[in-house]
Amino acid sequence: MKIAVLPGDGIGPEIVAQAVKVLNALNIGIEMKEAAIGGAGYESAGDPLPAETLKLAKESDAVLLGAVGDWKYDTLPREMRPERGLLRIRKELNLFANLRPALLYPELASASTLKPEVVAGLDIMIVRELTGDIYFGQPRGISTLPNGEREGVNTMRYSESEIRRIGHVAFNIAMKRNKKVCSVDKANVLETTELWRQVMIEISKEYPEVELSHMYVDNAAMQLIRAPKQFDVMVTGNIFGDILSDEASMLTGSIGMLPSASLDANNKGMYEPSHGSAPDIANQDIANPLATILSAAMMLRYSFNDEENATRIESAVKKALAQGYRTADIYTDGTRKVRCSYMGDAVVAAL
Ligand code: NAD
């Protein structure tokens, strides 16, 4: 197993170091090589995605990423900004399926802004299409009409094959979970998503064990707050998924806990925490490394089909939380506040 390790900027190097520690502790022959991305790429090679980094990522079986970005790069030309490195690597690796679990650990129930009985036991997987939809459709742009008024245009577009491949990802994941897929669309108003619904129904025939339901996106946004535990796997397009996955992540109350995976057609993937580079707390050894450690667990599950070791990591995280260890962002009275590196050690000890 060859992994490209891209720590990136801000807290990236601190949190990735903990995930690397955990992967090494498993002792399962993972080969890891590090390269620069984001601001670190710009500093070392004048490019937020240096050619060497892209080459390493392409040659590897999976990519483990920290985060990119720092306010000090905000004045650079757009192409040189750290975030461009991230967008480019996603595109270069054809990562069309974004998986974002929203899982609430019982020990952290009080961190959610929702009542504990609404969120306790929450375990949702949001599958978002990442390379199509209104974010990429043509034509697009801002132009001036003959009457001098300006007009903005974006195009919502999905081909059948794009819908089909993300549908299969969702159904396959549901087969490993509670066998329920809720497809989110706006088929009453948007033809693009009317096609989306038709294709999902067609695909579902190949997965007779999985129960498929449909929900309009406005209702889905409401149901996620009203009764989130009704969902198992949710599958949706790029723009709806962008919004719903952020909404779902905050049901758990703590951004430092949420991993993510972005996969290509062969399950090669890039794994990263859902949060950013948190420059406000960088270099202080106080960031929460658990989202990154849990991203490493997702990597074992989805890219290496190693359910056993993925579960081992997740159980070790649960154990460290049950033992009362908390980084500052999830600390509450009666628990033990620890540093980033200490939390990494606690997970290794729990393994
Ligand atoms: P952010 O997610 O970095 O931080 C938001 C808040 O959450 C901050 O107060 C931060 O301290 C806290 N936080 C985030 N992760 C944490 C962790 N692991 N442990 C403890 N606290 C944590 O978002 P932002 O402040 O809006 O953006 C900062 C930089 O990150 C920007 O340059 C932005 O472009 C970049 N960014 C990168 C990614 C990515 O690499 N995928 C995603 C979002 C933002």
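Counting convention: from 1, in listed order, for ligands and their atoms alike. Along the sequence shown, the residues carry numbers beginning at 1.
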Task: pair M156-L190: side-chain heavy atoms closer than 4.5 Å - done: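 A side-chain contact exists here, since the closest heavy-atom pair is under 4.5 Å.
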
Can you confirm whether more than 12 heavy atoms, excluding those of [X], are under 6.0 Å from its [atom1] atom?
| X | atom1 | result |
| --- | --- | --- |
| E206 | CD | yes |
| K229 | NZ | yes |
| Y302 | OH | yes |
| E43 | CD | yes |
| E117 | CD | yes |
| L145 | CG | yes |

Below a 4.0 angstrom heavy-atom separation, can you tell me which part of [X], side chain or backbone, both or neither, approaches ligand 1?
| X | answer |
| --- | --- |
| P279 | side chain |
| D280 | side chain |
| L65 | neither |
| N288 | both |
| I11 | side chain |

Is the shortest distance from a Lys or Arg side-chain nitrogen in [X] or [Y] to a carboxylate oxygen in the other one below 4.0 Å?
| X | Y | answer |
| --- | --- | --- |
| E202 | R164 | yes |
| D232 | R177 | yes |
| E52 | K33 | no |
| R100 | D246 | yes |

Check ligand 1 against [X] and write out every atom of the ligand that is under 4.0 Å from a heavy-atom position of the residue.
| X | result |
| --- | --- |
| E83 | 32 (O), 33 (C), 34 (O) |
| L86 | 39 (C), 40 (O), 41 (N) |
| E272 | 41 (N) |
| A67 | 40 (O) |
| V68 | 30 (O), 35 (C), 36 (N), 37 (C), 40 (O) |

- [ ] Looking only at distances, please establish whether an N/O atom of ligand 1 is found under 3.5 Å from an N/O atom of A278.
- [x]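 Yes.
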
TODO: Check whether any N or O atom of W71, backbone or side chain, sits under 3.5 Å from an N or O atom of ligand 1, and answer yes or no.
DONE: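 In fact, backbone or side chain, W71 has no N or O that close.
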
Task: Option whose closest heavy atom lies nearest to atom 22 (C) of ligand 1, chosen from I281, I15, I37 - done: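 Selected option, by shortest heavy-atom distance: I281.
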
Please report whether [atom] has a protein non-hydrogen atom at a separation of less than 4.0 Å.
| atom | value |
| --- | --- |
| atom 30 (O) of ligand 1 | yes |
| atom 26 (O) of ligand 1 | no |
| atom 5 (C) of ligand 1 | no |

- [ ] Considering heavy atoms of the protein only, find what lies nearest to atom 38 (C) of ligand 1 and give residue, atom and distance to 0.1 Å.
- [x]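 Scanning the protein heavy atoms, the shortest distance from atom 38 (C) of ligand 1 goes to G276 CA, 3.5 Å.
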
Task: Closest protein heavy atom to atom 7 (O) of ligand 1, given as residue, atom name and distance to 0.1 Å - done: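 Among all protein heavy atoms, the one nearest atom 7 (O) of ligand 1 is I255 CG2, 4.1 Å.
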
